[in-house]
2 protein chains.
Amino acid sequence: MSAAPRCDQTEAWAALKGHFVAHGRDFDVRDAFARDPGRFAALGVQAPLVYADLSKNLVDTATVHFLLDLARECRLEERRDAMLAGAPVNVTEGRPVLHTALRAPRGQGAHSDDVHGVLDALLGYAEGVRDVARSGFTDIVNIGIGGSDLGPQMVVPALDAYVHRGLRFHFVSNVDGHDISAVLRGLDARSTLFIVASKTFTTQETMANAMAARAWFDAEMARLGAAAGPAGHARHFVGVTTNLKAAAEFGITTTFGFWDWVGGRYSLWSAIGLPIAIAIGSDNFRALLAGAHAMDRHFAEAPLAQNLPVLLGLIDVWYRNFHAFTSRSVAPYHQGLKRLPAYLQQLEMESNGKRVDLEGVTLPFGTSPVVWGEPGTNGQHAYFQMLHQGTDVIPVEFIAVRTPTHGLADQHRKLLANCLAQSQALMLGKSSDAAAAERAPTASTTIDRDVLARHRTFPGNRPSTTLVLDTLTPQALGALIAMYEHRVFTSGALWGINSFDQWGVELGKALCSELLPRLASGDTSGLDASTAGLLKMLAT
Amino acid sequence: MSAAPRCDQTEAWAALKGHFVAHGRDFDVRDAFARDPGRFAALGVQAPLVYADLSKNLVDTATVHFLLDLARECRLEERRDAMLAGAPVNVTEGRPVLHTALRAPRGQGAHSDDVHGVLDALLGYAEGVRDVARSGFTDIVNIGIGGSDLGPQMVVPALDAYVHRGLRFHFVSNVDGHDISAVLRGLDARSTLFIVASKTFTTQETMANAMAARAWFDAEMARLGAAAGPAGHARHFVGVTTNLKAAAEFGITTTFGFWDWVGGRYSLWSAIGLPIAIAIGSDNFRALLAGAHAMDRHFAEAPLAQNLPVLLGLIDVWYRNFHAFTSRSVAPYHQGLKRLPAYLQQLEMESNGKRVDLEGVTLPFGTSPVVWGEPGTNGQHAYFQMLHQGTDVIPVEFIAVRTPTHGLADQHRKLLANCLAQSQALMLGKSSDAAAAERAPTASTTIDRDVLARHRTFPGNRPSTTLVLDTLTPQALGALIAMYEHRVFTSGALWGINSFDQWGVELGKALCSELLPRLASGDTSGLDASTAGLLKMLAT
């Protein structure tokens with residue numbers, strides 16, 4: 001493993017540099033379409049449940065050819081197989097990385113008995129909660145942060161069409177008391193179930209919120225003259241944790257565990273998915289897993305040249321390290337995917353926001369870009385101005401879903417027309433001559449015609465990828481998320497980094513512990529002048 | 001006006017270049033604190049209701065001095081005064097830009113009679129809706145997009161402590177039918193008020209959603225055996241628009257207007273703020289305006305060296321054009337400000353995402369960065385890994401609020417300790433020696449000690465600004481938003497661009513109109529191969 005070269009130490013990297021200077025820097029995708037009538041077909045990839053049109057990117061088949069050489073020279077397949085086989089690829093923590101095992105069918109994959117044992121129990125419990133006439137629950141509050149929050153928080157609205165209509169879902173993550181206060185205000189304690197999700201049962205935010213929830217629960221039950229106490233806690237609080245002792249001390253008797261080979265940002269497939277399972281039920285939860293598994297097999301088995309996560313990861317490297325693009329905008333044209341950008345921020349930026357390679361050597365090139373975005377069409381009325389006419393080129397990733405789960409066919413057609421029009425506009429642009437030939441009804445009547453035309457010019461040649469799903473089913477969403485996971489693996493492997501640790505969160509945690517008592521005492525001794533000054537302002 | 005030089009055509013720019021090479025590129029903020037015990041005081045600014053600690057930025061007083069020279073040479077004050085006086089600074093559309101007039105006290109500012117006439121009527125109507133015993137409304141649905149959505153959608157949760165507890169607020173923007181379907185599902189037509197917000201009453205998304213809402217309303221009222229018809233429409237739909245005729249044809253009889261000198265992204269202070277006024281009431285809405293007005297006066301009157309929006313805008317230019325930072329992360333440590341990043345994306349990226357100057361000349365430098373973020377502490381468990389240990393430097397903007405509006409004092413102290421610890425960690429970093437001296441409980445037991453230490457090293461010297469509010473009152477929020485508006489004006493003025501147009505949204509709209517009928521007919525003639533191929537897949 002450690003002998004596999006880092007991307008910049010390969011011959012393919014040198015070849016890509018030459019290719020970039022000769023054909024990459026000034027590549028015009030409009031010319032490429034004109035030259036090659038087969039471009040759309042050549043740069044389209046059908047993976048399980050996800051189709052990708054890569055043809056509006058600043059690549060041609062030669063670029064892809066060089067990038068595939070790079071993948072081979074970096075022994076990407078060997079690294080992938082090592083991960084899938086359970087080798088300790090998280091080298092700094094000495095752990096395997098086996099989220100793929102969480103979605104392998106029974107009897108397949110590592111730890112199958114453990115995985116399916118917990119899964120069966122989890123889904124049994126979820127079905128019990130979903131039987132609302134018997135369970136009496138109407139509101140589910142998930143208390144967790146980071147990986148224990150973003151997955152369920154993203155998936156539940158995405159699969160809204162499959163969500164039990166008798167249940168409402170709430171997500172509390174921030175240690176800021178405004179978060180939980182706003183959620184609790186509308187609830188009836190007698191019909192509320194709290195899920196406390198923390199692997200260690202020590203996460204600062206989650207424990208603070210869990211204790212606030214329990215105190216509220218006790219006070220409300222007393223106010224309502226209902227029985228609470230240990231039996232109430234046991235019924236209204238469930239734990240997703242491996243720390244059974246701490247959970248028991250809290251008053252939780254029902255827990256579901258997971259394993260140290262499941263990273264937080266890869267954990268929605270584990271018991272962390274409990275809110276999802278309650279929302280969509282066991283069959284749909286199994287379909288979500290099956291979709292992810294289908295993508296796992298594609299990633300494991302498809303030739304690199306037809307392997308969607310691999311191709312996307314390679315283009316990410318091309319954009320980041322040759323074109324020097326520093327961010328990527330994600331534009332899901334589906335309101336249910338409104339939290340996908342936040343989910344991907346964790347998945348990609350926590351995984352690949354690293355500056356040293358596996359051996360700890362400082363990297364001479366950029367790694368994770370900033371990933372950001374809002375659902376389309378909303379973004380069009382906000383920051384798309386900058387995507388079209390700003391000074392920086394920002395690749396955009398459009399996600400289109402062919403069939404909606406509502407009956408407003410006319411609105412869906414408008415949505416899709418907008419999605420296609422945006423990628424088309426980014427690519428085609430508009431010349432100043434074309435702009436000059438048009439009337440602009442809102443333009444100043446006194447401005448010089450040529451000046452106005454230059455304001456209304458679009459450079460074009462701005463790259464995008466369009467991903468197409470047929471319907472946003474549990475299966476399709478599972479495949480889509482797994483695709484992103486493997487794409488992040490691909491770029492991380494080429495960059496030679498550990499995509500599975502997160503040492504960068506340590507320092508802030510340690511300093512927080514030091515500052516916390518000072519906020520009560522007002523003691524600023526030994527602090528830098530800025531932190532001391534702010535602390536004096538904020539101490540109470 | 002047009003004679004004011006663009007930033008890169010000034011002597012100050014040349015001086016800044018020299019200063020950057022000599023003192024900027026290798027500036028270390030830790031050394032700067034060690035050298036200058038007065039640094040915190042010198043780089044702190046108290047503006048109305050907002051304090052800013054600029055001292056953790058990569059600037060010293062010399063940098064600020066050069067930047068102030070730049071502002072003077074670009075005649076920033078003259079440009080500011082021209083905007084405030086109602087000169088047609090939106091030159092491409094030949095319009096003045098007078099959102100400041102919307103918050104000027106009665107009898108002051110341009111168009112005072114018009115502004116206060118509409119405001120009085122708006123607040124009278126809002127108070128009527130808030131009298132829920134009489135009005136019968138429980139749910140308010142705002143239908144609007146872009147500037148007719150993001151302001152209210154951001155402010156209502158931010159001022160949650162002031163929101164009428166008998167009313168629920170919903171925001172529908174996306175043309176995607178999944179958006180409005182999910183909102184309508186939970187509502188009772190008899191107690192729902194729809195606000196249709198579109199200046200022209202022709203915005204594609206808003207009209208589609210308004211028609212879907214009206215169809216649902218009619219069907220629901222019929223199902224419930226309640227009276228609907230023209231009287232129902234007149235009571236349950238209100239318009240924020242200047243197109244009275246189209247509104248009347250829709251069935252709306254109550255409308256509130258605004259003016260062509262109010263840009264969409266500067267419009268929450270106008271009738272577009274109706275959902276806010278209903279939520280928080282007229283006194284609080286007037287306080288929001290008063291806070292913004294206080295910041296307007298600060299911007300208009302404070303010397304540049306003590307002018308907060310100006311200083312922030314100057315540092316933005318320093319980072320964008322000298323340090324070449326391409327994005328800025330916004331981290332509000334207040335869950336109520338969860339939509340502030342999305343709001344700022346429109347405000348900043350639509351205003352300054354431009355590539356030509358006022359004369360239409362292509363700019364040789366970068367303009368608007370990408371603005372992005374999630375509330376703290378959530379971001380810490382997602383992308384903060386990259387902020388601390390990624391390869392790119394990304395300035396972070398922390399927002400801390402001293403006094404919460406809930407009673408969970410312990411959680412609030414934890415929130416503030418986290419906020420301070422993050423900016424401290426970004427600045428201080430951790431050396432590999434310090435990392436080597438610590439135990440890392442989760443580390444691999446077999447990894448080389450020095451290699452591990454390098455994984456656990458933080459470079460530090462990563463810049464941040466901390467903004468401090470005493471309490472998130474309507475007044476403080478008004479001041480904060482106005483501060484951002486004027487900061488965007490400042491960088492836009494220095495860059496020599498028109499911050500008030502948005503020609504970049506035109507092309508996508510035009511292409512969408514062309515594609516829409518093709519999605520029904522399947523006609524792909526004349527389209528590029530990618531758009532044609534995708535259209536074939538998506539046509540129905």
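Residue numbers start from 1 in every chain, and the chains themselves are labelled A, B, ... in the order their sequence lines are given, proteins ahead of strands.
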Run A/Thr326 and B/Thr326 through side-chain hydrogen bond (donor to acceptor under 3.5 Å, both in side chains) and show every step you take. CA-CA 7 Å; A/Thr326 58; B/Thr326 57; 2.7 Å; yes
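- Taking chain B as the reference chain and counting heavy-atom pairs below 4.5 Å, the highest number among A/Val356, A/Val370, A/Leu527, A/Asp501 is found for A/Val370.
- Using a 4.5 Å cut-off between heavy atoms, A/Ala520 contacts chain B through both its backbone and its side chain.
- In this structure, B/Val175 and A/Lys414 approach most closely via the heavy-atom pair CG2-CB, 3.9 Å.
- Contact annotation for B/Arg518: neither backbone nor side-chain heavy atoms come within less than 4.5 Å of a heavy atom of chain A.
- Looking only at heavy-atom pairs under 4.5 Å with chain B, the residue among A/Gln380, A/Lys509, A/Gln204, A/Met427 that has the most is A/Gln204.
- Considering only heavy-atom pairs separated by less than 4.5 Å from chain A, the leading option among B/Leu511, B/Asn174, B/Asp149 is B/Asn174.
- Between B/Leu416 atom CG and A/Leu516 atom CG the span is 10.0 Å, to the nearest 0.5 Å.
- Residue with the most contacts toward chain B among A/Asp392, A/Asp448, A/Val505, A/Thr446: A/Asp392 (heavy-atom pairs, distance under 4.5 Å).
- Among the candidates B/Thr377, B/Ile447, B/Leu420, B/Thr405, the residue making the largest number of heavy-atom pairs closer than 4.5 Å to chain A is B/Thr377.
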Please walk me through it: do B/Glu205 and A/Asn418 pass side-chain hydrogen bond (donor to acceptor under 3.5 Å, both in side chains)? CA-CA 10 Å; B/Glu205 289 90 341; A/Asn418 273 285; 4.8 Å; no
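- If you measure heavy-atom distances from A/Ser432 to chain B, you find no contacts under 4.5 Å at all.
- Closest heavy-atom contact between A/Met386 and B/Ser368: CE-O, 2.9 Å.
- Heavy-atom pairs under 4.5 Å with chain B were tallied for A/Gly390, A/Ser181, A/Pro37; the largest tally goes to A/Gly390.
- Inter-residue side-chain proximity for B/Gln345 and A/Glu374 is flagged as met; some heavy-atom pair is nearer than 4.5 Å.
- Judged purely by distance below 3.5 Å, without hydrogens or angles, the side chains of A/Asp179 and B/Gln411 never pair a donor atom with an acceptor atom.
- Proximity to chain A is limited to the side chain of B/Ser55, based on heavy atoms less than 4.5 angstrom apart.
- For chain A, the option among B/Gly94, B/Gly366, B/Ala382, B/Gly146 with the highest count of heavy-atom pairs below 4.5 Å is B/Ala382.
- For the atom pair OG1 of B/Thr391 and CG of A/Leu363, the computed distance is 7.5 Å after rounding to the nearest 0.5 Å.
- Using a 4.5 Å cut-off between heavy atoms, B/Leu535 contacts chain A through both its backbone and its side chain.
- Between A/Leu452 atom CG and B/Glu93 atom CD the span is 9.5 Å, to the nearest 0.5 Å.
- In terms of heavy-atom proximity, B/Trp503 sits nearest to A/Thr442 at CH2-OG1, 3.6 Å.
- The two residues A/Gln422 and B/Gly508 make their nearest non-hydrogen contact at NE2-CA, 3.7 Å.
- The most heavy-atom pairs under 4.5 Å with chain A, out of B/Lys56, B/Glu514, B/His388, B/Arg39, come from B/Lys56.
- Within the 4.5 angstrom heavy-atom criterion, atoms from both the backbone and the side chain of B/Ser173 approach chain A.
- Using a 4.5 Å cut-off between heavy atoms, B/Leu519 touches chain A through backbone and side chain atoms alike.
- Looking at A/Lys354 and B/Gln385, their side chains come closer than 4.5 Å, going by heavy atoms from C-beta outward.
- Looking at A/Arg413 and B/Leu515, their side chains never come closer than 4.5 Å, going by heavy atoms from C-beta outward.
- Considering only heavy-atom pairs separated by less than 4.5 Å from chain A, the leading option among B/Gly38, B/Ala208, B/Pro88 is B/Ala208.
- Inter-residue side-chain proximity for B/Asp176 and A/His334 is flagged as met; some heavy-atom pair is nearer than 4.5 Å.
- At a 4.5 Å heavy-atom cutoff, A/Leu43 makes no contact with chain B through either its backbone or its side chain.
- Within the 4.5 angstrom heavy-atom criterion, atoms from both the backbone and the side chain of B/Arg456 approach chain A.
- When heavy atoms are compared at a cutoff of 4.5 Å, A/Leu426 does not approach chain B at all.
- Taking the six-membered ring where the residue is Trp, B/His178 and A/His406 present perpendicular rings, their angle passing 60° and hence far from 30°.
- Residue contact with chain B, scored on non-hydrogen atoms closer than 4.5 Å, involves the backbone and the side chain of A/Ser530 alike.
- Proximity to chain A is limited to the side chain of B/Asp528, based on heavy atoms less than 4.5 angstrom apart.
- Only the side chain of A/Val468 comes within less than 4.5 Å of a heavy atom of chain B; its backbone N, CA, C and O stay farther away.
- For B/Leu347, no part lies under 4.5 angstrom from a heavy atom of chain A.
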Could you go through the side chain to side chain contact (heavy atoms under 4.5 Å, CB included) check for A/Ser444 and B/Thr92 one step at a time? CA-CA 5 Å; A/Ser444 163; B/Thr92 60; 5.8 Å; no
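- Among the candidates A/Thr362, A/Thr457, A/Thr540, A/Asp450, the residue making the largest number of heavy-atom pairs closer than 4.5 Å to chain B is A/Thr540.
- Proximity to chain A (any heavy atom under 4.5 Å) is restricted, for B/Phe33, to the side chain, taken from C-beta onward.
- A/Glu350 and B/His381 share no donor-acceptor pair across their side chains, judged by distance under 3.5 Å alone.
- Side-chain contact between B/Leu387 and A/Met349: absent, with no pair of heavy atoms (C-beta onward) separated by less than 4.5 Å.
- Chain A forms more heavy-atom pairs under 4.5 Å with one residue of B/Phe40, B/Trp372, B/Tyr383 than with any other, namely B/Phe40.
- Both the backbone and the side chain of B/Asn209 come within contact range of chain A, each with at least one heavy atom under 4.5 Å from a heavy atom of that chain.
- Contacts between B/Val451 and chain A at a heavy-atom distance below 4.5 Å involve backbone atoms as well as side-chain atoms.
- Taking all atoms of both residues into account, the shortest heavy-atom contact from B/Leu538 to A/Ala400 is CD1-CB, 4.1 Å.
- The local environment of NZ in B/Lys338 is sparse, with at most 12 non-hydrogen atoms from other residues, nucleotides or ligands closer than 6.0 Å.
- Contacts between B/Arg185 and chain A at a heavy-atom distance below 4.5 Å involve the side chain alone, from C-beta outward.
- Using a 4.5 Å cut-off between heavy atoms, B/Gln424 touches chain A through backbone and side chain atoms alike.
- Here the CD-CD distance, from A/Glu506 to B/Glu438, works out to 7.0 Å after rounding to the nearest 0.5 Å.
- Within the 4.5 angstrom heavy-atom criterion, only side-chain atoms of B/Tyr51, from C-beta onward, approach chain A.
- The part of A/Pro369 that comes within reach of chain B is its backbone (N, CA, C, O), which places non-hydrogen atoms under 4.5 angstrom from that chain.
- Separating the CZ atom in A/Phe458 from the CZ atom in B/Arg355 is a distance of 10.0 Å, to the nearest 0.5 Å.
- Using a 4.5 Å heavy-atom cutoff, the side chains of B/Ile180 and A/Leu408 are in contact.
- Side chains of B/Met537 and A/Asp53 form no contact here, defined as non-hydrogen atoms less than 4.5 Å apart.
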